[in-house]
Amino acid sequence: MNEAKYPIKIVIHKSGDMIYFSQLDLSRILERALRRSTLPLYYTSGFNPHVKLSFGRAVKIGIEADEEVTLYFLERITSEQLRHQLVTELPVGLTIQAIVE
């Protein structure tokens, strides 16, 4: 059962109070926002499946910066669809800067 996965790379800007969250916290925040967005997410397999996402380099705590994240989906979605459904679910301090298909 090897399902196809379609990656989309996004650049998220961390600012405000979000700069005090660690990489692990940011991963959990993004996972929750993605689940609320009702997009066709790709989940890992195994005993405890979670949303498949990959981070580029980690940003230190306390620094306002851009962060690359690759999201994986079960079907192809457009960048407009991703932006429209995800931006309303992100907390204050996290904004989508760019989407690369």
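Note that the structure is predicted; figures quoted are calculated from it, not measured.
Taking 4.5 Å as the limit, every side-chain heavy atom of E80 sits out of range of all side-chain heavy atoms of H84.
One hydrophobic cluster, built from ILVMFWY side chains closer than 4.5 Å, holds both V69 and I96. A single hydrophobic cluster is seen to contain both L41 and L71, as judged by linkage of ILVMFWY side chains at heavy-atom distances under 4.5 Å, directly or through other members.
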Please report, to 0.1 Å, the donor-acceptor pairs under 3.5 Å made by any side chain of residues 44-56, with sequence neighbours excluded.
residue: T44; atom: OG1; partner: H50; partner atom: N; Å: 3.0
residue: T44; atom: OG1; partner: H50; partner atom: O; Å: 3.4
residue: T44; atom: OG1; partner: H50; partner atom: ND1; Å: 3.4

N/O donor-acceptor pairs under 3.5 Å from side chains in residues 7-30, not counting sequence neighbours:
residue: H13; atom: ND1; partner: D66; partner atom: OD1; Å: 2.6
residue: H13; atom: NE2; partner: E64; partner atom: OE2; Å: 3.1
residue: S22; atom: OG; partner: D25; partner atom: N; Å: 3.3
residue: S22; atom: OG; partner: D25; partner atom: OD2; Å: 3.2
residue: Q23; atom: NE2; partner: E67; partner atom: OE2; Å: 2.8
residue: D25; atom: OD2; partner: S22; partner atom: N; Å: 3.4

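Counting heavy-atom neighbours within 6.0 Å of R36 CZ, excluding the residue itself, gives a total above 12. The environment of CZ in R83 is crowded: more than 12 heavy-atom neighbours from other residues, nucleotides or ligands sit within 6.0 Å.
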Test Y6 against L74 for side chain to side chain contact (heavy atoms under 4.5 Å, CB included), laying out the working first. CA-CA 6 Å; Y6 301 96; L74 289 174; 5.9 Å; no
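Here the closest non-hydrogen pair linking P40 and I77 is CG-CG2, 3.9 Å.
Residue I63 shares its hydrophobic cluster (ILVMFWY side chains chained together at separations under 4.5 Å) with V59.
If you take CG on L34 and CG on L39, they are separated by 7.0 Å, rounding to the nearest 0.5 Å.
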